[in-house]
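Both backbone and side-chain heavy atoms feed into the values below; hydrogens, waters and symmetry mates do not. Chain identifiers are assigned alphabetically (A, B, ...) following the order of the sequence lines, protein sequences preceding nucleic acid strands; residue numbering begins at 1 within each chain.
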Number of protein chains: 2
Amino acid sequence: MRRLSRTMDSTPMALYHHVRDKDELLTLVLEHVAQDLPRPELPDDPRERIIMVCESMYQAFIDNPWVVPVLARGELVGPSAVWMTEEIIGSLIACGLGHEQAFWTHQTIWYYTAGQAVHTPPHKTADSEDDSAPHYSAAAVTDPSPARFPHLAKLAGDARSLESQYSYRLGLTHILDGALPPGSTVR
Amino acid sequence: MRRLSRTMDSTPMALYHHVRDKDELLTLVLEHVAQDLPRPELPDDPRERIIMVCESMYQAFIDNPWVVPVLARGELVGPSAVWMTEEIIGSLIACGLGHEQAFWTHQTIWYYTAGQAVHTPPHKTADSEDDSAPHYSAAAVTDPSPARFPHLAKLAGDARSLESQYSYRLGLTHILDGALPPGSTVR
DNA sequence: ACCTGAACACCGTTCAAGT
DNA sequence: ACCTGAACACCGTTCAAGT
């Protein structure tokens, strides 16, 4: 609130005349973002629809990282983004799931998406400025002892390239493969 | 830091003589928590091993919710918890995955686990006290218009019971079913 | 070596007051 | 109706000083 009011050359308290709370402000911005989300043309195949909706949802989180912790508090999604939930559940049903299964699978997808979004560092913006203040940075698990952690040791070298090859889509397709009835779609 | 020092009847600055940073302190506590984690006896079947390790990982997050955002910053896991990663990747390989596939599937599981942990509200502790300060609470998607959101409308009534029936294990098994080669285990 | 006090630059929010 | 200033109760951290 203080920072925002500063960018507007105003006082913190001016904001409180338009908004009860920081929470109310966040909700309003959330809905604003939700309204601006592009609504892509979806393919006919329900499995492909799910993937496309989920990827735009994921992209929305990457573009607006602050949203994820706010949504995690469980308040609201911004009504203008509800079509995504509807679309995912509907397409899951079209893939042959029952209503309950569809709901649960949506839940799984949601957790996966939010989890990855939380762990994806926000865009390096211009004002990152490479800080160079050393702070305390813990030694990562760069070289695990091969004796105790043989598999990690084997992976250690290629960790970066492996991580870069991982994609949101990969995990999503695994979830779908595991949740959808076999043969629901050509694949 | 200030709050902690207050509970110790000390000054904020006393802490800084033992620790460079808030980050260093967090890392130390993180490692302390990691060391106290119970290490369950694991079954022989690799798929069951994965499930058991993941569930204790998930339980650890539920018990220590503050850990999740800290880990999300990507610094460190606490060396004493690395055995979990090793165990999961090893068991995935034992299920028939290649090293890369195992790494990626572990990644998927991790995102799913973190995502669900973030969304699970912390234990209602005694000091929650039901606040009763109304604040701003957004109207949830309780009754979606059946015209625009037919599936959500159908689910709306049972949302609570459906959510309560959902379990961490369900999503996890879906991921495993989708990621593991077919017939890798009896199922 | 270990701790303290004062200070700096932040937060969200309340309350009484100004136009 | 809209904005302000002073105040309260918070943050993490630095810096000079005390024992």
Side-chain angles (χ1 to χ4, degrees), chain A residues 1-33 64-78 118-119 121-140, chain B residues 1-33 64-78 118-119 121-140:
Chain A
M1 307 301 271
R2 290 183 113 104
R3 187 154 45 93
L4 175 61
S5 71
R6 229 179 297 138
T7 71
M8 302 167 96
D9 291 312
S10 175
T11 63
M13 297 336 294
L15 290 170
Y16 283 86
H17 206 263
H18 305 271
V19 122
R20 167 187 327 220
D21 237 12
K22 191 185 177 185
D23 271 15
E24 184 176 343
L25 180 57
L26 282 175
T27 310
L28 291 170
V29 185
L30 208 56
E31 172 59 11
H32 183 82
V33 170
N64 313 280
W66 62 271
V67 170
V68 187
V70 173
L71 290 185
R73 301 220 332 269
E75 305 290 311
L76 185 52
V77 198
V118 168
H119 285 266
H123 276 332
K124 307 246 172 191
T125 52
D127 56 282
S128 309
E129 278 295 350
D130 205 7
D131 254 354
S132 82
H135 276 280
Y136 179 85
S137 173
Chain B
M1 309 300 272
R2 291 185 112 103
R3 188 155 44 95
L4 174 60
S5 70
R6 228 179 297 138
T7 73
M8 303 166 95
D9 292 311
S10 174
T11 62
M13 299 333 297
L15 291 170
Y16 283 87
H17 207 264
H18 306 272
V19 122
R20 170 188 323 222
D21 238 13
K22 191 185 178 186
D23 272 14
E24 184 175 343
L25 179 57
L26 281 176
T27 309
L28 291 171
V29 185
L30 208 56
E31 172 59 12
H32 182 82
V33 171
N64 312 282
W66 61 272
V67 170
V68 187
V70 173
L71 290 184
R73 299 223 331 271
E75 305 290 309
L76 184 53
V77 198
V118 168
H119 285 266
H123 276 331
K124 305 247 171 188
T125 52
D127 56 281
S128 308
E129 281 294 349
D130 204 5
D131 253 355
S132 81
H135 276 281
Y136 179 83
S137 172

S.K.: Would one find a side-chain N or O of B/Arg6 under 4.0 angstrom from OP1 or OP2 of D/dC11?
M.R.: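 Affirmative; the distance criterion is met.
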S.K.: Figure out the NZ/C1' separation between A/Lys22 and D/dC10, and round it to whole Å.
M.R.: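 Computing the A/Lys22:NZ to D/dC10:C1' distance gives 13 Å.
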S.K.: Return the value, rounded to whole Å, for the distance between atom CZ of A/Arg20 and atom P of C/dT14.
M.R.: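 So the CZ-P distance, A/Arg20 to C/dT14, works out to 10 Å.
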S.K.: Report yes if some heavy atom in the side chain of B/Thr27 is under 4.5 Å from a heavy atom in the side chain of B/Asp21; otherwise report no.
M.R.: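 Sidechains of B/Asp21 and B/Thr27: no contact.
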S.K.: Provide, to the nearest angstrom, the distance between the CZ atom belonging to A/Arg3 and the C1' atom belonging to D/dC11.
M.R.: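 The distance from CZ of A/Arg3 to C1' of D/dC11 comes to 14 Å, rounded to the nearest Å.
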S.K.: Just list the side-chain donor-acceptor pairs under 3.5 Å for residues 2-15 of chain A, sequence neighbours left out, or say none.
M.R.:
{"unit_1": "A/Ser5", "atom_1": "OG", "unit_2": "A/Met1", "atom_2": "O", "d": "3.3"}
{"unit_1": "A/Ser5", "atom_1": "OG", "unit_2": "A/Arg2", "atom_2": "O", "d": "2.7"}
{"unit_1": "A/Thr7", "atom_1": "OG1", "unit_2": "A/Leu4", "atom_2": "O", "d": "2.7"}

S.K.: Distance check needed: D/dC11 P versus B/Leu25 CG, whole Å only.
M.R.: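 So the two atoms are 14 Å apart, to the nearest Å.
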S.K.: Rounded off to whole Å, could you give me the CG-to-C1' distance for the B/Leu4 and D/dC11 pair?
M.R.: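 Distance, rounded to whole Å: 14 Å.
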S.K.: Let me check I have this right: for DNA chain C, each base becomes ., (, ), [, ] or |, based on Watson-Crick or G-U pairs with both distances under 3.5 Å. What is the full string?
M.R.: ||.|||||...|||||.||
S.K.: Between B/Leu26 and B/Val70, which heavy-atom pair has the shortest distance, and what is it?
M.R.: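 Reported closest heavy-atom pair: CD1-CG2, 4.1 Å.
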S.K.: Might you list the N or O atoms of the protein lying below 3.5 Å from N or O atoms in nucleotides 2-4 of chain D, with each pair's distance?
M.R.:
{"unit_1": "D/dC3", "atom_1": "OP2", "unit_2": "A/His18", "atom_2": "NE2", "d": "2.6"}
{"unit_1": "D/dT4", "atom_1": "OP2", "unit_2": "A/Ser10", "atom_2": "OG", "d": "3.2"}
{"unit_1": "D/dT4", "atom_1": "OP2", "unit_2": "A/Thr11", "atom_2": "N", "d": "3.4"}
{"unit_1": "D/dT4", "atom_1": "OP2", "unit_2": "A/Thr11", "atom_2": "OG1", "d": "2.9"}

S.K.: Measure from CD on A/Glu24 to P on C/dG12 and round the result to the nearest Å.
M.R.: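 Nearest whole value for this atom pair: 15 Å.
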S.K.: What are the two closest heavy atoms between B/Val33 and B/Asn64, and how far apart are they?
M.R.: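 Heavy-atom minimum between the residues: CG1-ND2, 3.7 Å.
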S.K.: Just the rounded figure in Å: distance from P of C/dA9 to CE of A/Met1.
M.R.: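 Value for this atom pair: 23 Å.
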S.K.: Give the rounded distance in Å between these two atoms: CG of A/Leu15 and C1' of C/dT14.
M.R.: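 It is 15 Å, rounded to the nearest whole Å.
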S.K.: So, taking the atom named CG in B/Leu25 and the one named NE2 in B/His18, what distance separates them when rounded to the nearest 0.5 Å?
M.R.: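 It is 11.0 Å, given to the nearest 0.5 Å.
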S.K.: Provide the distance between the two P atoms, one in C/dC10 and one in D/dA9, to the nearest whole Å.
M.R.: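 Approximately 22 Å lies between the P atom of C/dC10 and that of D/dA9.
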